[in-house]
Protein chains: 2
Amino acid sequence: MIKFIILGFLNYGQFTGYDLKQMMTYSTSNFISASFGSIYPALNKLEKDGLISSTKVVENGRYKKKYTINKIGEDEFIRWLEEPIDFMRSYEDILAKVFFYKKLPKESTIKLIEQLIEDINKKIKELEKLETMIKKEAEYFEISTLYFGRDHLKFMADWYGKFVEDIKQR
Amino acid sequence: MIKFIILGFLNYGQFTGYDLKQMMTYSTSNFISASFGSIYPALNKLEKDGLISSTKVVENGRYKKKYTINKIGEDEFIRWLEEPIDFMRSYEDILAKVFFYKKLPKESTIKLIEQLIEDINKKIKELEKLETMIKKEAEYFEISTLYFGRDHLKFMADWYGKFVEDIKQR
DNA sequence: TAGCGCATGTAATATGTTACATGATTTC
DNA sequence: GAAATCATGTAACATATTACATGCGCTA
């Protein structure tokens, strides 16, 4: 996960691990935040795997390692972005992709979100079947968690429905 | 996390690791599911720590290890349930507690949920401040993730608001 | 000169998954 | 007799956090 957020930000320029942490704090902390303890090892692994490259520089007398994304990294990032959204993962995972959707052609974005909505609606129907099956025996708080699940998915389908309409009209 | 789900289920009787996995599959898979690879080690640790005890039995010629919750386990479970809900964790974590709220007196449950709603509303105000600050520079998809965050929290506050009213009227 | 911000990194810990290993009983 | 289900467990891996370790430059 953190891997793709890093690749995403490196699409916009050269940054240090410290820069990336700042960017996450200011713009993605709402759904993804990372500590230095995950950013630095992730950067090292990405470089080892050839997705990014680093240059050692001294700026204002300070030693820095600036990272640049490579072609392989760009390709892997786009491949990830274009993958259908797995809505059963947390909503944070969905937002991590949405955050970078401007990198994709408008039609791709629209297709991905419409697919997402369809998948969510399928899941809602499944849940509603389950509900009618276990309604009688289940305890109040237990069944309430099912109702929350259902309503939460309805909220998601609804929100992304409006979102996709908004994207179409832009 | 898995630890408290196990303790929660052991409040209802004696079960094996296999039983617990089944119960999760059928009733909490909506927000929590666990593999045997996490259930069995968790059971061993809980026993080592004295929160649960096991008895080896042979049923239908099959070797089983049935677990019982101890007083320490019960106390620790209730302590966890009574803790204020940390809504910044995933909604799955919230549901994990709600699922077992029948173990708590009605007034405690109501207080916990009302506190949750208050915390969510505070966070919504923070987000709205942030929005007005960065509205101008931010890119469409980037700011959309903020809007989702805000609307998602509003959905949560709303849902739990109705929930607490329903609990009061029962 | 103390403290904060910038900058990188490691070690210990937490928490889980997937795959593997084993073996019994029940069902078709 | 094969396959599914019951039943327990370990090993390798994945992914992250928190705390620690280090050191420079700027500002009060």
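Convention: sequence-line order gives letters A, B, ...; per-chain numbering from 1.
- Checking side-chain atoms of A:E47 against main-chain N and O of A:S54 turns up a donor-acceptor pair under 3.5 Å.
- In this structure, B:R89 atom CZ and C:dA14 atom P are separated by 14 Å, rounded to whole Å.
- Residues from residues 31-42 of chain A placing a heavy atom under 4.0 Å of any atom in DNA chain D, listed by number, are A:S33, A:A34, A:S35, A:G37, A:S38.
- By the 6.0 Å contact criterion, NZ on A:K45 is open, its count of non-hydrogen atoms from other residues, nucleotides or ligands being 12 or less.
- A tilted orientation is assigned to the rings of A:F99 and A:F31, their planes being inclined by 30° to 60°.
- In this structure, OH of B:Y18 is placed 5 Å from C1' of D:dC6, rounded to the nearest angstrom.
- A tilted orientation is assigned to the rings of B:F155 and A:H152, their planes being inclined by 30° to 60°.
- If you check residues 47-64 of chain A against DNA chain C, the residues with a heavy atom closer than 4.0 Å are A:R62, A:Y63, A:K64, listed by number.
- Side-chain rings of B:F100 and B:F77 approach one another, their centers coming within less than 6.0 Å.
- Using a 4.5 Å cut-off between side-chain heavy atoms of Ile, Leu, Val, Met, Phe, Trp and Tyr, with links allowed through other members, A:Y147 and A:M133 fall into the same hydrophobic cluster.
- Counting heavy-atom neighbours within 6.0 Å of A:K168 NZ, excluding the residue itself, gives a total above 12.
- Taking atom NZ of residue A:K45 and atom P of nucleotide C:dT8, one finds them 20 Å apart after rounding to whole Å.
- For A:D93 and D:dA14, the CG to P distance is 18 Å, given to the nearest whole Å.
- Distance, A:E92 CD to D:dA16 P: 13 Å, rounded to whole Å.
- Note that the CD1 atom of B:I5 and the CG atom of B:L10 stand 11.5 Å from one another [nearest 0.5 Å].
- For the pair B:I2 CD1 and C:dA14 P, the interatomic distance rounds to 17 Å; values are reported in whole Å.
- The B:K65 side chain lies nearest to D:dG9 when the options are C:dC6, D:dG9, D:dT5.
- The 12-atom threshold is not exceeded at NZ of B:K111, counting heavy atoms of other residues, nucleotides or ligands nearer than 6.0 Å.
- Counting to the nearest Å, the P atom of C:dG16 and the CG atom of B:L43 are 12 Å from each other.
- For the pair B:M24 CE and C:dG16 C1', the computed distance is 13 Å after rounding to whole Å.
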